[in-house]
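Note that these values count all heavy atoms, side chains included, but never hydrogens, waters or copies made by symmetry. Here is the naming used below: chain letters follow the sequence lines, and residue numbers restart at 1 for every chain. Because the structure is predicted, anything quoted here is derived from the model rather than measured.
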Number of protein chains: 2
Amino acid sequence: MPRFTPGELSVMGVLWEHGEMKPSEIQERYPEPIKNPALRSYLTILLDKGHISRRKVGKAYYYKAVTRQQSAFSETVREVIDAYCGGSAQALLLNLIRSEKLSEEELVELKRLADGEPPGPPKRRRKKS
Amino acid sequence: MPRFTPGELSVMGVLWEHGEMKPSEIQERYPEPIKNPALRSYLTILLDKGHISRRKVGKAYYYKAVTRQQSAFSETVREVIDAYCGGSAQALLLNLIRSEKLSEEELVELKRLADGEPPGPPKRRRKKS
DNA sequence: AGTGATGTGCAGAATATACTGCACATAAGC
DNA sequence: GCTTATGTGCAGTATATTCTGCACATCACT
């Protein structure tokens, strides 16, 4: 359900990284210069959508992420895979491996990961989403 | 540069899969029921943005993709990686591997791919796009 | 109490997205 | 030539996104 716009995603990124913060603090860490009122309008939208919550401390509101980064990430990846790879995660992997984004070390690490997980269906569920 | 909206992406998907087509044909293959005027408004937007081009054949316009699927895909993946993984493709892979999206066979295939590609810069280009 | 800095609330506004509707043009068959 | 599909052009609407501006509240300090 995320489908964050660029502006929303930047805000979420700051909150995911730094936790609970008030607007002026988010503003400082926002990836590009942004004016306070503009930022606050993003916060309002995210609040409406339920992706963040806020809490009054003194005279200021402190905002924090409700939607978890991992959830948003997984959903986004799924959407990309569905849209571009006919639902097959393999095509995404192939693209990643073929592109310059993966160094040789990363490939080695990747194989290690692939080895570590497999035999049989993993018992531990990952149903937190 | 893509940042396709859901509607735009659906249109691009049809054009990527089936090549040059006129609106009524795209409409038939659109993933969900869509009215002709609605579809045409997407086409107009995509045309404005330069993602598609059109050519008159008889009385109808035939539309085809200008932006390649591979390009849009790569860019989208990069955006996701930048936004969610601090630019590291590895985090994306880790997520894919840990999720239920990859079967055991896919992991085996994955390792094969990781093995097949590595040492040095790959000589074979994949520039057919 | 008065002043300034910092926050908030609210009311727009410009553009983009996601549509709808209808008049008009063109091609094909009678 | 006339009618009927089929397709286009254009204008308009509703909502979302991305902002801006300003009045007002609160806190700290003197």
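- The distance between atom CD of E8(B) and atom C1' of dC19(C), rounded to the nearest whole Å, is 13 Å.
- Atom P of nucleotide dT8(D) and atom OH of Y42(B) are separated by 18 Å, given to the nearest angstrom.
- Computed from coordinates, the E32(A) CD to dT18(D) P distance equals 11 Å when rounded to whole Å.
- The distance from the OH atom of Y42(B) to the CD atom of E8(B) is 9.0 Å, given to the nearest 0.5 Å.
- Separating the CD atom of Q27(B) from the P atom of dA18(C) is a distance of 17 Å, rounded to the nearest angstrom.
- If you check dC22(C), dC19(C), dT26(C) against the side chain of A38(B), the one that comes closest is dC19(C).
- Nearer the 5' end of DNA chain D, as judged by each residue's closest nucleotide, is the contact made by R40(B), out of T5(A) and R40(B).
- Taking 4.0 angstrom as the limit, K35(A) places none of its side-chain polar atoms (N or O) nearer than this to OP1 or OP2 of dC19(D).
- Within the 4.5 Å cutoff, the side chain of K64(A) has no heavy atoms near those of the R55(A) side chain.
- L46(A) has its CG atom 12 Å from the C1' atom of dT17(D), to the nearest Å.
- At a threshold of 4.5 Å between non-hydrogen side-chain atoms, the residues S24(B) and L39(B) do not count as touching.
- Which of dG21(D), dT17(C), dT17(D) sits closest to the side chain of P37(A) comes down to dG21(D).
- Side-chain nitrogen and oxygen atoms of K49(B) include at least one within less than 4.0 Å of the OP1 or OP2 phosphate oxygen of dT17(C).
- The backbone N or O of I34(A) lies less than 3.5 Å from a partner atom in the side chain of Q27(A), making a donor-acceptor pair.
- Closest to the side chain of I45(B), out of dT8(D), dT8(C), dT17(C), is dT17(C).
- At the heavy-atom level, I34(A) lies nowhere under 4.0 Å from the strands shown.
- Nearest to the side-chain atoms of A60(A) among the listed nucleotides dT20(C), dG7(C), dT8(D) stands dG7(C).
- In this structure, K22(A) places its NZ atom 12 Å from P of dC27(D), rounding to the nearest Å.
- The residue K56(A) sits apart from the nucleic acid: no heavy atom pair falls under 4.0 Å.
- Out of dT8(D), dT18(D), dG7(C), the shortest distance to the side chain of N36(B) is found at dT8(D).
- One donor-acceptor pair, N or O on each side, does fall under 3.5 Å between the base of dT6(C) and the side chain of K59(A).
- Considering only side-chain N and O atoms, R54(B) lies under 4.0 angstrom from the phosphate OP1 or OP2 of dG9(D).
- L47(A) places its CG atom 13 Å from the P atom of dC10(C), with the value rounded to the nearest Å.
- Set against dA18(C), dT18(D), dG9(D), the side chain of S41(B) has dA18(C) as its closest nucleotide.
- A 4.5 Å side-chain heavy-atom check between E28(B) and Y30(B) finds every atom pair outside the cut-off.
- Salt-bridge check for R29(A) with E17(A): failed, with every basic side-chain N at 4.0 Å or more from each acidic carboxylate O.
- Taking atom OH on Y61(B) and atom P on dC10(D), their separation rounds to 10 Å, with Å as the unit.
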